[in-house]
Amino acid sequence: MPRNSIEVHDSGPNIFADLGLPDADTHFLKAQIVSELHRLAHERKQTQTATGVLLGISQPEVSRMFKGRFREYSVERLIGFLTAFNKDVEIIVKDRSGAVTRGSVTLKHEAAA
């Protein structure tokens, strides 16, 4: 094997579960929400300072959150941040299909009409 080779492994949809991290589903959901928050701030061309004012947190907190350090925030608080961007959040419970033994949580972005 060459010295600088890279190993490639099959992965599932949740990298946190693949890494065996505790609370992987919750962490994945938080990551999806933070990704959407970052997209919204970028779409509005907002600075981190302006985003912090909107969310009620400091610019350094926004920076840490956008860099992936968001463990300190609950899912509920992150959802509150979405509503600060004037977004509605819907939680839909439905039967799952197929042979999957566990349900999932998915965040979908719906474009404005």
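Note that the structure is predicted; figures quoted are calculated from it, not measured. Start at 1 with the first residue, then count along the sequence.
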Which pair of heavy atoms, one from [X] and one from [Y], lies closest together, and at what distance?
X   : Y   : result
E36 : L82 : CG-CD2, 3.8 Å
V34 : M65 : CG1-O, 3.4 Å
F85 : L55 : CE1-CD2, 3.9 Å

Original post:
Do L40 and Q46 come within less than 4.5 Å of each other through their side chains, counting heavy atoms only?
Top reply: no

**OP:** Using the side-chain contact (heavy atoms from CB on, under 4.5 Å) rule, take I79 and V75 through it: C-alpha gap first, then chi angles, then the decisive distance, then the call.
**Re:** CA-CA 6 Å; I79 288 172; V75 170; 3.8 Å; yes

Original post:
Please walk me through it: do R64 and F70 pass side-chain contact (heavy atoms from CB on, under 4.5 Å)?
Top reply: CA-CA 7 Å; R64 283 192 300 273; F70 44 79; over 6 Å; no

Original post:
Does N14 reach the main-chain N or O of A17 with its side chain, forming a donor-acceptor pair under 3.5 Å?
Top reply: yes

Original post:
With no hydrogens and no angle check, is any side-chain donor or acceptor of S58 less than 3.5 Å from a backbone partner on E61?
Top reply: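 Side chain of S58 to backbone of E61: a pair is present.
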
**OP:** Any pair with a residue in residues 40-67 that passes ring pair (Phe, Tyr, Trp, His ring centres under 6.0 Å), sequence neighbours left out, goes on the list, sorted by first then second residue, please.
**Re:** H38-F66

**OP:** Verify the neighbour count for atom CZ of R71: are there more than 12 heavy atoms of other residues, nucleotides or ligands below 6.0 Å?
**Re:**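 Atom CZ in R71 is not crowded, with 12 or fewer foreign heavy atoms closer than 6.0 Å.
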
Subject >> Any side-chain donor near an acceptor of the partner, Q48 and T51, under 3.5 Å >> reply: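 Result is no, nothing qualifies.
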
Enter the distance from [X]:[atom1] to [Y]:[atom2] here, rounded to the nearest 0.5 Å.
X   : Y   : atom1 : atom2 : result
K30 : D25 : NZ    : CG    : 12.5 Å
F28 : I15 : CZ    : CD1   : 9.5 Å
Y73 : L78 : OH    : CG    : 8.0 Å

Subject >> salt bridge (charged side-chain N to carboxylate O under 4.0 Å, His left out) involving E76 - partner list, sequence neighbours excluded >> reply: none

Original post:
With hydrophobic residues grouped by side-chain heavy-atom distances under 4.5 Å, do I57 and L54 end up in a single group?
Top reply: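 I57 clusters together with L54.
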
